[in-house]
Structures are given as structure tokens and as C-alpha cells.
**Student:** 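I'd like to ask some things about the structure below.
Position 1 is the first residue of the sequence, and the numbers go up from there. Just follow the structure's listing: the first ligand is 1, and inside any ligand the first atom is 1.
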Amino acid sequence: MISSSVSNSNRPMTGAEIREAFLDFFAKRGHQRMASALLIPDDSTVLLTIAGMLPFKPIFLGREQPPALSATSSQKCIRTNDIENVGKTARHHTFFEMLGNFSFGNYFKEQAIIWAWELSTEVFGLDPANLVVSIFQEDNEAALIWQNLIGVNPKRIIRMGAKDNFWASGPIGPCGPCSEIYYDFHPDLGHDDINLEDDSRFIEFYNLVFMESNCDSQGNLTPLENKNIDTGMGLERMAQILQKKSNNYETDLIFPLIKKAASLAGIDYSEVNEKGKISLKVIGDHSRAISQLICDGVSASNLGRGYILRRLLRRVVRHGRLLGINDHFLVAMGEASIELMSKAYPQLEEKRDIILNELAQEEARFLETLERGEKLLSDILKSENQQISGEQAFELYDTYGFPLELTQEITQEHGRTVDVAGFEVAMKAQRQRAKEAIVTIDPTLRSTIEGIAESIKPTLFFGYEVLDRSCQVVALIVKDELVQEASTGDVVKVILDGTPFYGESGGQVGDRGMLLGSETEKTSLIVIIENVSRNQGLFIHSGRIKKGTLRIGDLVIAKVDTHLRRRAQAHHTATHLLQSALKQLVDASISQAGSLVDFDRLRFDFSYPGAISLEKLEKIENLINDWINEIHRVEVTEMKLEQAKVNGAIAMFGEKYGAYVRVVNIPNVSMELCGGTHVSNTGEIGLFKIISETGVASGIRRIEAIAGTAVLPYLNDRDRLVKELGDHFKAPPSEVMVRVIALQDELKTTNKALLTARSELISAKSAILASQVELVGDFQILVSSFTGVQAALLSTAAKQLQEQLGDNTAVLLGSILEEGKVSFVAAFGKDVVQRGLNAGKVVNHIAKLCGGGGGGRANLAQAGGRNLKSFESALKIAKSELVSLLIESPL
Ligand code: SER
């Protein structure tokens with residue numbers, strides 16, 4: 001049987017057609033089609049989404065309800081463990097797409113195998129003679145199904161050990177034996193010596209995992225509640241097979257990027273040597289990865305995911321340089337990646353600016369240091385040493401931004417190695433230094449919560465419907481230790497089987513309230529709950545026992561502080577209105593960059609290049625208050641993600657959504673995906689007031705606002721302030737402004753008058769001073785002091801006096817200023833300067849005596865000091881110095 005989709009057409013299927021054919025095949029067999037989750041997983045055990053099953057892990061573990069009994073997806077994945085092989089082998093990638101069909105306790109081994117075979121042979125048209133399967137060595141059931149039900153030649157059913165055919169998503173978590181389907185490029189070589197590791201002959205394209213166990217942190221396997229199916233088909237691999245290419249890179253999923261890079265380098269892929277081909281393949285592969293990573297909210301840094309992005313991005317730049325591209329080219333690669341993938345992943349187009357911006361910035365940052373680093377490295381490589389020391393590698397990393405692996409790659413090209421252990425030591429020392437500077441989260445608590453999460457079910461949340469409910473205590477933590485009971489005075493963390501308390505998330509604060517004794521003895525126990533957070537699906541109620549004893553298994557009444565909850569709700573719905581108003585009145589492309597929904601305020605960060613004018617802010621405020629007064633219904637519905645998107649719901653950047661999403665809809669006003677709590681109609685918000693609009697980072701603005709009952713205390717504060725100002729300025733509030741302006745004008749006039757009075761005073765004093773001039777041989781000197789005359793005025797006076805008195809005169813004036821400072825000015829006539837005296841030196845010397853300094857030209861200089869006590873004596877010293885200089889200086 002050969003597939004219609006392949007045999008009817010002369011051309012091979014494109015990547016997009018393969019993806020669609022897979023999803024369609026399983027959708028027609030009752031599977032729910034799921035959108036790809038983000039590359040940032042909601043799973044603390046891995047940094048990135050590494051397999052199609054990852055978003056379903058909580059379902060396999062029984063911690064979350066499945067959206068349907070079976071599902072199918074094309075999941076964006078990134079693996080970096082084989083990064084060195086990218087471009088060198090036919091099929092290693094960082095970014096790839098994994099097609100999968102999943103059963104959550106629905107069908108199992110037999111059905112999974114039947115469908116996998118049908119899909120491979122009938123939809124993708126693979127000749128059964130080209131197929132080989134592997135099974136876990138102990139899995140006789142799988143062997144029988146392949147052999148008897150499917151009819152595979154037993155010689156083409158290969159038994160493999162746990163290393164190859166027992167699949168787990170990590171050291172802890174769901175796992176099970178698996179069976180893989182391989183494509184054989186050379187069936188003519190027969191089936192006697194099948195070695196599946198020979199990748200020139202075989203390529204594994206489909207992995208069927210029979211997920212039936214959970215592996216705990218000790219490595220013990222326990223059966224899962226359900227027998228599940230998790231499969232993964234590498235989209236790029238199937239494209240390689242069907243498009244008859246010798247490697248994945250030459251398929252239509254990546255090759256356009258290789259062509260783009262080749263054209264930027266002015267070379268031809270088919271003609272370039274092997275090394276050049278590798279560089280082109282690395283650029284093609286990594287360009288997809290970096291665009292997708294940035295799209296999903298990763299930004300380059302030296303930690304975690306940010307470091308992975310930085311490393312990939314820098315490898316692209318470096319391979320570009322190996323090909324002779326010395327200019328900036330990442331934006332061009334980013335644009336080509338968006339064009340190539342945005343049909344399947346429209347978010348790439350939506351985030352175009354963010355992606356290209358990050359690429360441009362990070363490339364510029366790297367290029368700045370790359371040349372200096374390359375020079376340093378080439379100097380190091382000139383030495384005789386076979387090994388680059390750990391410190392040298394660390395310096396390259398720390399100062400020049402060279403990822404270790406890049407240094408290794410370059411040194412390898414020169415036949416040298418890097419002292420990796422030495423690098424680690426240097427790195428550790430630096431981390432230690434950094435650590436000393438920050439407060440870390442208590443690791444014991446993390447492990448306690450994670451430990452509990454392995455053994456208890458996630459907390460059920462009832463707080464959308466009720467704010468008061470009877471719940472059972474399932475775990476208690478006091479001082480980071482699990483305890484059986486806690487009593488009066490203890491600071492506790494309480495986990496209940498279910499709760500009406502909202503746990504902090506999506507920017508909304510956790511609820512506050514109380515836990516009380518059971519229905520009959522409510523007052524026997526009072527626990528004040530100050531905050532509720534979430535971790536691993538558990539809601540952690542943090543508080544203090546005011547009265548009574550709390551034990552595991554106790555039934556308690558969980559009572560949310562309704563007043564505070566209402567305030568948080570008003571702020572949350574107001575945040576949605578604010579986002580809509582910004583889109584409507586400022587720019588439709590504005591998107592959320594962060595938010596805080598608190599009891600007494602809201603903060604909304606959004607992408608926008610410049611400040612929003614006061615006039616616009618007023619319009620926004622008015623529109624929101626109109627929506628409040630119009631009393632719009634707030635409808636909350638659960639629907640499939642795809643449906644929500646079709647309906648136009650706004651999704652938050654970087655957020656992970658399940659198959660079913662909660663849509664908060666205010667018809668004709670706003671529609672957002674949101675897990676938070678909201679008012680039931682906009683009228684409940686009461687009033688909305690913007691408090692401030694500021695910039696928080698480049699291209700990110702922040703609006704702080706208040707809503708509902710939180711507006712009253714704010715207005716009261718303002719009112720009090722205005723009243724106080726009125727009392728102070730002796731004017732009714734409405735006239736305060738007029739009064740302040742009048743006072744400012746009055747002050748200006750007074751200052752002017754003061755200045756005139758002072759300069760008149762100086763002129764008058766100057767006349768008197770002129771008569772105090774002392775003769776020193778053929779010269780005259782005048783030394784005098786003032787009070788409260790600023791340096792500028794003093795300088796004018798000194799100059800005027802000197803000019804009046806003639807070229808043979810040295811004038812030195814000092815002034816004690818109101819601020820406790822002193823000021824000196826010296827103005828020397830031409831003859832005095834010719835005599836060899838320097839005004840700059842003289843004032844500097846006196847100012848030094850008063851704890852200051854200064855200087856200027858030989859004929860005019862000024863200086864200042866702070867030591868008032870030395871003022872008089874300094875002037876005296878200066879005078880006698882002037883006298884002796886004028887007498888002694890040779891003509
Ligand atoms: N989880 C398995 C894998 O990644 C099958 O999808 O290979």
C-alpha cells in the first residue's frame with residue numbers, strides 16, 4: 001500500500017505538509033490537536049522544552065487533568081547536549097520540531113504500534129522493506145505485536161538495552177520502555193548484520209514510549225496510575241527521508257537559511273568545502289533556535305536559558321566570520337528565520353521587532369569584544385603550550401564574552417586543548433564572589449516543597465466561586481521542616497487539599513485571610529494567613545497560628561479576606577481595561593511586558609518607545625471610567641487555546657498555556673487569557689485613576705494606577721496636601737497656584753533688587769577703598785574684605801578697582817559668603833604682572849590656607865575655601881607676601 005498523498009504527486013511532501021499530515025492523521029483518530037507550548041517549560045527539572053511530551057508531564061503524573069483522552073501536537077524543542085555535532089552529522093539539531101501522539105490512559109501499546117505503522121507506510125508512503133524497528137530487550141509483548149500483527153520480519157525487529165530503549169524525560173519523572181522505527185537507506189544490504197548505530201545506513205524517525213512508570217529521586221520505579229503513550233517523530237528527519245536528502249539541513253525546513261547565509265558570504269553551498277558547509281549548517285540550525293528562543297521570551301545573559309541563547313548566537317557570529325562575513329548579519333538571518341517559520345508559528349511575526357532588536361543588540365555587543373578576544377586568543381595560541389590554561393579561558397569568557405565551548409572550538413582548530421577543570425575552578429571562584437553579594441532562597445525549603453509535590457496531589461482551587469470553604473490540611477511546614485502539628489505562635493506554611501485562597505500568580509497577589517477551626521468549633525483555631533504562593537502545583541498558605549493547634553488531616557474553614565480580595569479584583573479587571581485603552585488610544589501593537597495587581601494599586605508595564613502625553617493619559621483615564629460607568633459584564637469562559645485565539649483574546653507574552661484556557665471577556669471592550677480573579681461587572685471597579693507614567697527600561701513604559709476603594713485614601717492624601725498648602729500660603733485651594741506664581745515673581749524681583757543694591761554698595765565701598773591704597777615702591781596694593789558678596793560680583797569689583805587705580809596696582813579682595821564659604825579674587829595691573837607676580841598663584845595660596853583652592857590667569861584669578869576662621873589671617877599673610885614680592889622681585 002503506497003500513500004495517496006505521496007504517490008499522487010510528483011514532488012515530495014514539504015515540511016509543512018508532513019506536519020499537517022501527522023496532526024490530521026491523529027485528529028481524525030480522536031486526538032485533540034494542541035498548539036506547541038513555549039520553549040520555556042513550566043518544569044523546574046529542565047531549562048528548555050526538550051521533548052514533545054514535556055507540556056504533558058503533569059498529566060502523565062496524574063497531577064493535572066488531561067484536556068482529552070488523547071492528543072497530538074507539533075512541539076518546538078531545543079536540545080543543546082549534542083551541539084558540537086550540529087552541522088557535522090546528518091541530523092543533529094539544537095532547535096527541532098517533534099510531532100507526537102499521546103494517550104492519557106486511553107489506548108496503549110498495540111494501538112500505538114498499529115497507527116505508527118499505518119501513518120509511516122500509508123500516509124508517508126514509506127516502503128515496509130525500508131523499515132526496521134527496535135524494542136526494549138525485555139518487551140516480548142512489543143515483539144509479538146510487530147511480528148504477528150504488523151508482519152515485520154523478526155530479523156528486522158532489534159532488541160536493545162535500557163540505554164537505548166527505555167525512555168525518561170529526566171532522572172525523575174514518568175518513563176517507560178520504548179520502540180523505535182528506523183528508515184533503512186540500504187535494504188539491499190540485507191537483514192543479517194543490522195547495526196542501528198550505523199547512521200550512514202539507518203535513521204531513527206519515530207519513537208513510541210510506553211509510559212507506565214514513575215521514577216523517583218532514589219531511582220525507584222513505581223507504576224503510574226494509567227498506562228500512557230508518548231511518541232515523538234522528528235519532523236526534520238521525516239523531511240530528510242521523504243525529500244530524499246542526505247541530511248536534515250538540506251530539507252525545506254532549514255535550507256532557505258543556509259542559502260541566505262551563503263549569499264551573505266558571497267559563496268555557493270554546493271561548491272564550498274566541507275568546513276564551509278559545516279559553518280553554513282550551524283548558521284542555518286542556530287538561526288532557527290535563536291529566533292524561536294527570543295520569540296518565547298528568552299533574552300541573552302550569562303545564566304541559564306539566557307546563556308544558551310547567548311552561546312548559540314555567538315556561534316552564529318563566529319561561523320559567519322569563518323565564512324568571511326565580517327559585518328553585522330544576524331538581523332538578516334532573523335528576518336529570514338521569521339519568514340521561513342512564521343506560517344507555522346505566527347508569534348514570530350508578532351514578535352518581529354523584539355527578535356530583531358535583541359539580535360542586533362547582542363551581535364553588536366559581541367562584535368565589540370570579539371576582535372579583542374580573537375587577538376588575545378591568537379597571541380595565546382602563538383605560545384608553545386599545548387593547553388590553554390583555565391585562567392586564560394576564563395578571562396576570555398569573563399572579559400571578552402567567549403563561551404568556553406567557543407574557545408575550545410577555536411583551540412581545537414589549532415590542535416590544542418583547554419584546561420576545562422581549571423576553567424571550572426576559576427568560574428566557581430567567581431560565582432562564590434557573586435554569591436556573597438546576594439541573599440539566596442533557602443534551599444531546604446525548595447527541596448521540602450518539591451519533596452512534598454512528589455507525593456501529594458496538586459491543590460484544587462475553589463476561589464473563583466467561593467471565598468469560604470471547609471478544607472483538609474495535607475502538609476504543614478514549620479521552620480522549613482515537615483511537621484505533624486503546629487500550635488499557637490508558630491509561623492507555618494500550610495498546604496490544603498483544596499483552597500479558596502488565590503495563590504500569587506500572573507501578577508496578582510496571593511489572598512490574605514484566616515484558617516478557622518471546623519464548622520462546630522470555629523473559634524478553637526485561628527491561623528492568620530498573610531500570603532499564598534504557588535510552587536509545583538501546590539498552594540502554600542504562609543501565616544501564623546494565633547490560637548489553637550493545627551494537625552495534618554484536620555478539617556479547617558479557609559476564609560479569604562473578602563474586602564482585600566475585592567480590591568485585588570478591581571485592580572485586575574482595571575488592568576485589562578488599561579491594556580485595551582492603551583491599544584485603542586495609543587497604539588494597537590502595544591503588548592504587556594509585566595504587571596502587578598496588588599490590593600492598593602496596579603502596575604502595568606508595556607512596550608512603547610516614548611512617554612505618553614498628559615493629555616493622552618487623561619483620555620485613557622476618561623475612557624476607562626466610561627467603561628466603568630457603562631457597567632459592562634465580565635464573562636469568564638474556558639475554551640481551547642486555538643478557539644480563544646480565533647476569538648481575538650490577547651495572550652501574555654512568555655506565558656505558558658494548556659490546551660484549555662480561561663478567557664476573561666468584557667464584550668466589545670477587552671478579551672484576555674487570564675487565570676486571575678475579576679469583578680463580575682466593570683461597575684464594581686467604581687473609579688480608576690492614573691498615578692504616574694514613567695520609563696523603566698529602553699522601550700518599556702510603566703503606568704501605575706489605582707482603582708475602586710483604593711482611590712479614596714489617595715484622594716484624601718492629595719486633598720490634605722492641598723489644604724495644608726492653602727493654609728500655608730493663606731489662600732483657598734483654588735488660588736494656591738496663583739499665589740505660588742505671585743510669590744515666585746516677588747522672589748525674582750527681590751533678588752534682582754538685592755543684586756543691584758549689593759553692586760551699588762560695592763561701588764560705594766570701592767570709592768572708600770580707593771583711598772586705602774598702600775604704596776609699595778612704584779606699586780600700589782589694595783587688600784580688603786567684604787561680607788556676603790558672591791565671587792562674580794567680587795571679581796567685577798576687583799577688576800574695576802584695578803582699572804581705576806592703574807597698571808601698577810595689585811587688588812586682592814576676600815568675601816565671607818552666607819553658606820559658610822570664603823571667596824578670594826585678585827586683579828593685577830599690567831606692570832604688576834610684568835614684575836613677575838601671578839594672580840592665580842596668589843589666590844590659590846590664600847585659598848589653601850582656608851582649606852580650598854582655585855586659580856586663573858596671571859592678571860585675574862579667583863579661589864574659594866571653607867575655613868572661615870583663617871579668613872582674616874590668610875588675607876594678612878597674602879598682603880605681606882604681596883608687599884615682599886613687589887619689593888624683592890627683580891625688574
Ligand atoms: N518522549 C520521547 C522522545 O523524546 C518520545 O516522544 O523521544
Side-chain angles (χ1 to χ4, degrees), residues 18-19 22-23 25-26 31-34 36-37 39 41-43 45-61 66 70-82 85 91-104 106-109 111-113 115-117 119-120 132-136 139 142 158 160-183 196-197 199 202-215 221 224 226-238 240 248:
I18 297 170
R19 189 192 297 115
F22 184 102
L23 297 173
F25 178 87
F26 285 105
H31 292 61
Q32 161 108 48
R33 270 177 87 137
M34 310 287 289
S36 171
L39 284 167
D42 187 11
D43 184 323
T45 62
V46 280
L47 277 178
L48 293 168
T49 301
I50 44 130
M53 57 73 69
L54 208 73
F56 304 115
K57 208 165 121 182
I59 300 173
F60 288 132
L61 289 170
S70 48
T72 182
S73 70
S74 173
Q75 175 62 48
K76 299 189 282 188
C77 299
I78 287 197
R79 290 183 189 172
T80 51
N81 42 342
D82 282 322
N85 287 330
R91 56 188 163 72
H92 277 102
H93 295 298
T94 53
F95 175 84
F96 62 97
E97 287 176 78
M98 190 172 263
L99 301 164
N101 53 291
F102 305 91
S103 152
F104 311 113
N106 185 8
Y107 62 88
F108 196 52
K109 206 174 285 187
Q111 184 62 78
I113 290 177
W115 278 337
W117 191 259
L119 175 70
S120 305
V132 177
V133 298
S134 70
I135 55 167
F136 180 49
D139 195 352
I158 315 294
M160 309 270 266
K163 183 171 103 22
D164 295 298
N165 277 46
F166 193 92
W167 201 88
S169 63
I172 308 171
C175 53
C178 62
S179 177
E180 298 160 325
I181 312 183
Y182 287 72
Y183 188 78
L196 292 176
E197 277 174 17
D199 57 11
F202 298 105
I203 182 170
E204 177 226 325
F205 65 88
Y206 205 175
N207 184 15
L208 318 177
V209 183
F210 312 123
M211 201 162 259
E212 48 192 357
S213 311
N214 183 29
C215 182
L221 291 186
L224 287 171
N226 288 318
K227 283 179 184 259
N228 306 294
I229 288 294
D230 153 35
T231 80
M233 173 183 286
L235 173 62
E236 294 78 6
R237 295 183 180 198
M238 186 49 87
Q240 184 203 328
N248 291 355

**Student:** With heavy-atom distances below 4.5 Å as the criterion, would you say the side chains of Ile229 and Gln111 are in contact?
**Tutor:**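 No; the side chains remain at least 4.5 Å from each other.
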
**Student:** Show me which atoms of ligand 1 lie under 4.0 Å from any heavy atom of Met53.
**Tutor:**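 Every atom of ligand 1 under 4.0 Å from some heavy atom of Met53: 1 (N).
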
**Student:** Evaluate the side-chain proximity of Leu99 to Phe25: yes if any heavy-atom separation is below 4.5 Å, no if none is.
**Tutor:**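 No. Closest side-chain heavy atoms not under 4.5 Å.
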
**Student:** Below 4.0 Å, non-hydrogen atoms only: which portion of Thr231 touches ligand 1? Side chain, backbone, both or neither.
**Tutor:**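 For Thr231, the contact with ligand 1 is made by the backbone alone.
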
**Student:** Under a 4.0 angstrom heavy-atom cut-off, which atoms of ligand 1 come close to Ala51?
**Tutor:**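 Checking each atom against Ala51, I get 4 (O).
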
**Student:** Using distance alone, decide if ligand 1 has a nitrogen or oxygen within less than 3.5 Å of any nitrogen or oxygen in Val209.
**Tutor:**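 No, Val209 has no N/O under 3.5 Å of an N/O on ligand 1.
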
**Student:** Could you tell me, atom by atom, which parts of ligand 1 come under 4.0 Å of a heavy atom of Met98?
**Tutor:**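 Reading through ligand 1 atom by atom, the close ones are 3 (C), 4 (O), 6 (O).
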
**Student:** Report the C-alpha distance between Phe104 and Phe60 in whole Å, list the side-chain angles of each, state the deciding distance to 0.1 Å, and finish with yes or no for ring-ring contact (aromatic ring centres under 6.0 Å, His included).
**Tutor:** CA-CA 7 Å; Phe104 311 113; Phe60 288 132; 5.5 Å; yes

**Student:** What protein heavy atom sits nearest atom 7 (O) of ligand 1, and how far off is it?
**Tutor:**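 Going by distance alone, atom 7 (O) of ligand 1 is nearest to Asn207 ND2, 3.0 Å.
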
**Student:** Counting only heavy atoms, which portion of Arg79 has something under 4.0 Å from ligand 1: side chain, backbone, both, or neither?
**Tutor:**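 The side chain, only.
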
**Student:** Determine, using ring centers only, whether Tyr107 and His31 are less than 6.0 Å apart.
**Tutor:**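 For His31 and Tyr107, the ring centres are under 6.0 Å apart.
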
**Student:** Here's a test for you: under side chain to side chain contact (heavy atoms under 4.5 Å, CB included), which of Asn165, Leu196, Val133 qualifies with Glu180?
**Tutor:**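 Passing option: Asn165.
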
**Student:** Is Met233 close enough to touch ligand 1? Criterion: a residue heavy atom under 4.0 Å from a ligand atom.
**Tutor:**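 It does not, in that no heavy atom of Met233 comes within the 4.0 Å cut-off of ligand 1.
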
**Student:** With a 4.5 Å limit on heavy-atom distance, are the side chains of Leu224 and Glu212 in contact?
**Tutor:**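 No, side chains not in contact.
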
**Student:** Counting each atom of ligand 1 from 1 as listed, which ones have a heavy atom of Gly232 under 4.0 Å away?
**Tutor:**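 Once the distances to Gly232 are compared, the set is 5 (C), 6 (O).
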
**Student:** How far is atom 1 (N) of ligand 1 from its nearest protein heavy atom, and which residue and atom name does that atom have?
**Tutor:**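 I find the closest protein heavy atom is Asp230 OD2, 2.7 Å.
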
**Student:** Just wondering, do Phe56 and Pro66 contact through their side chains at under 4.5 Å, heavy atoms?
**Tutor:**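 Pro66 vs Phe56: side chains apart.
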
**Student:** Would you call Ser73 and Phe102 a side-chain contact if the rule is heavy atoms closer than 4.5 Å?
**Tutor:**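 Contact flag for Ser73/Phe102 side chains = yes.
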
**Student:** Looking only at non-hydrogen atoms, which of Phe56, Tyr206, Trp167 approaches atom 3 (C) of ligand 1 most closely?
**Tutor:**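 Looking at heavy atoms only, the winner is Trp167.
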
